[in-house]
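FYI, the numbering just counts along the sequence from 1.
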Amino acid sequence: MSLIIRREEEKDHRAVEELTREAFWNVYHPGATEHLIVHQLRNKKHVIKDLNLVAEADGQLVGHILYVASEITADGIRLPSLTFGPFSISPEHRGRGCGQALLEHSLALAKNSGAVLVAITGFPDYYSRFGFVKGKEVGVRYQADPEADHFLVKLFRPEALDDRDWWFTDPPGYEVNEAELQVFDQTFSAKEKLVLPGQLGE
């Protein structure tokens, strides 16, 4: 398998949205919202264009990751951070190393961005292999859920934390309006929304 990682281009937009929808459909809740989030974020100033990346395997689009500028705050001090997501791999290409390659490549680029850290919400068991730790264990807490085990950070400049208590707040663009989602979803092929074990709240 030949894998190419490059910046997303305008010609990729719809294919990336369809990939994202497939990757997240019925995973966290019936249906998906992530394809609308990608659509919304693209035009935001805090999206890092050099870190809006796609992966192609043998000429086929198989993955996408999007980084957004954010910040952590403590005692009136603000430091630059990043967050990423949605991070999508097509269902038929999971387990073949595409996601690992895309994530490792993007994190290597992110390290040179000037950010102190990358903060995400995700599964600790998966992301720990890429150097992520629970934020609360290194003095960075998630404003939405200070004790969350799923709030994770990868530190690029740990000395910058200076033993303070830092807070991370989600940057704008991740909110979803249900009415807008319904209209947007109608431009895609119909898919059945299912309530499945393991979804949030189930």
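Scored by the side chain to side chain contact (heavy atoms under 4.5 Å, CB included) test, Ala55 finds Leu3, Ile5, Val62, Leu102 as partners (sequence neighbours excluded). Asp75 is linked by a salt bridge (Lys or Arg N to Asp or Glu O under 4.0 Å) to Arg164, counting only residues two or more places apart in sequence or in another chain. Ala15 pairs by the side chain to side chain contact (heavy atoms under 4.5 Å, CB included) definition with Leu61, not counting sequence neighbours. Partners of His13 by ring-ring contact (aromatic ring centres under 6.0 Å, His included), not counting sequence neighbours: none found. With sequence neighbours left out, Glu192 forms a side chain to side chain donor-acceptor pair (under 3.5 Å) with no residue at all. With sequence neighbours left out, the side chain to side chain contact (heavy atoms under 4.5 Å, CB included) criterion links Ala144 to Tyr142. Listed by chain and number, the residues in a salt bridge (Lys or Arg N to Asp or Glu O under 4.0 Å) with Lys154 amount to none (sequence neighbours excluded). Asp12 is linked by a side chain to side chain contact (heavy atoms under 4.5 Å, CB included) to Arg6, Glu8, Glu9, Val16, Val54, counting only residues two or more places apart in sequence or in another chain.
Within the 4.5 Å cutoff, no side-chain heavy atoms of Val133 are placed close to those of Leu152. Side-chain contact between His150 and Lys134 is absent, with no heavy-atom pair separated by less than 4.5 Å. Looking at Tyr28 and Glu34, their side chains come closer than 4.5 Å, going by heavy atoms from C-beta outward. Using a 4.5 Å cut-off on side-chain heavy atoms (C-beta onward), His46 and Pro171 make contact. Using a 4.5 Å heavy-atom threshold, the side chains of Arg14 and Thr187 count as touching.
Screening residues 167-186 for salt bridge (charged side-chain N to carboxylate O under 4.0 Å, His left out) gives Arg21-Asp185 as the qualifying pairs, with residues at least two apart or on separate chains. Applying the ring-ring contact (aromatic ring centres under 6.0 Å, His included) definition to pairs two or more places apart or across chains, those involving residues 56-75 are Tyr67-Phe84. Residue pairs meeting the salt bridge (charged side-chain N to carboxylate O under 4.0 Å, His left out) criterion with at least one member in residues 87-114, sequence neighbours excluded, do not occur.
Counting all heavy atoms, side chain and backbone alike, Pro86 lies closest to Phe24 at CB-CE1, 3.9 Å. Considering every non-hydrogen atom in both Thr83 and Tyr174, the closest pair reads CG2-OH, 4.0 Å. Of all the heavy atoms in Val118 and Phe132, the pair that sits closest is O-CE2, 3.7 Å. The minimum heavy-atom distance linking Pro172 with Leu41 is given by the pair O-CD2, 3.8 Å. Taking every heavy atom of both residues into account, Pro30 and Gln199 meet most closely at CD-OE1, 3.5 Å. Contact record, Phe87 with Leu103: CZ-CB, 4.0 Å, taken as the closest heavy-atom pair.
Follow the hydrophobic side-chain contacts under 4.5 Å out from Val183 and you never reach Ile37; the two are in separate clusters. Cluster annotation: Leu117 and Leu79 are assigned to the same hydrophobic cluster (Ile/Leu/Val/Met/Phe/Trp/Tyr, side-chain heavy-atom contacts under 4.5 Å, transitive). Phe130 and Leu155 fall into different hydrophobic clusters, where Ile, Leu, Val, Met, Phe, Trp and Tyr are joined by side-chain heavy atoms under 4.5 Å apart, directly or via other members. Under a hydrophobic clustering in which Ile, Leu, Val, Met, Phe, Trp and Tyr are joined whenever their side-chain heavy atoms come within less than 4.5 Å, directly or via other members, Val68 and Trp167 fall into different clusters.
With respect to Arg42 and Glu17, a salt bridge is recorded, a charged nitrogen being found less than 4.0 Å from a carboxylate O. Ion pairing of Asp50 with Arg7 is present here, as a side-chain N (NZ or NE/NH1/NH2) and a carboxylate O approach within less than 4.0 Å.
Ring centers of Phe184 and His39: under 6.0 Å apart, within the cut-off.
From Leu51, atom CG reaches atom CG of Leu107 across 9.0 Å, with rounding to the nearest 0.5 Å. Between Trp166 atom CH2 and Ile77 atom CD1 the span is 5.0 Å, to the nearest 0.5 Å. Note that the CD atom of Glu22 and the OG atom of Ser90 stand 9.5 Å from one another [nearest 0.5 Å]. The distance from atom CG of Leu194 to atom NZ of Lys191, rounded to the nearest 0.5 Å, is 9.5 Å. Here the straight-line distance linking atom OG of Ser113 with atom CD1 of Ile48 works out to 7.0 Å at 0.5 Å rounding. Note that the CG atom of Leu53 and the CG atom of Leu109 stand 6.5 Å from one another [nearest 0.5 Å].
Within a 6.0 Å radius of NZ in Lys11, more than 12 heavy atoms belonging to other residues, nucleotides or ligands are found. For Asp162, the CG atom sits in a packed shell: over 12 heavy atoms of surrounding residues, nucleotides or ligands are nearer than 6.0 Å. More than 12 heavy atoms of other shown residues, nucleotides or ligands fall within 6.0 angstrom of atom CZ in Arg129. Counting non-hydrogen atoms of other residues, nucleotides and ligands closer than 6.0 Å to CG of Asn112 gives a total above 12.
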Which is it for Val153 and Phe151 under the side chain to side chain contact (heavy atoms under 4.5 Å, CB included) test, yes or no, and what are the steps along the way?
CA-CA 7 Å; Val153 299; Phe151 175 70; 4.0 Å; yes
Can you list the steps and then say if Asn52 with Ile65 is a side chain to side chain contact (heavy atoms under 4.5 Å, CB included)?
CA-CA 6 Å; Asn52 180 7; Ile65 194 166; over 6 Å; no
Would you check, one step at a time, whether the test side chain to side chain contact (heavy atoms under 4.5 Å, CB included) holds for Val47 with Leu66?
CA-CA 7 Å; Val47 168; Leu66 181 72; 3.6 Å; yes
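Ser70 and Ser81 share a side-chain donor-acceptor pair at under 3.5 Å.
Checking side-chain atoms of Lys136 against main-chain N and O of Arg141 turns up no donor-acceptor pair under 3.5 Å. With Asp58 contributing its side chain and Ser2 its backbone, the two residues share a donor-acceptor pair below 3.5 Å.
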Side-chain atoms of residues 121-128: list all donor-acceptor pairs with protein atoms under 3.5 Å, sequence neighbours left out, distances to 0.1 Å.
from: Ser128; atom 1: OG; to: Pro124; atom 2: O; distance (Å): 3.2
from: Ser128; atom 1: OG; to: Asp125; atom 2: O; distance (Å): 3.4

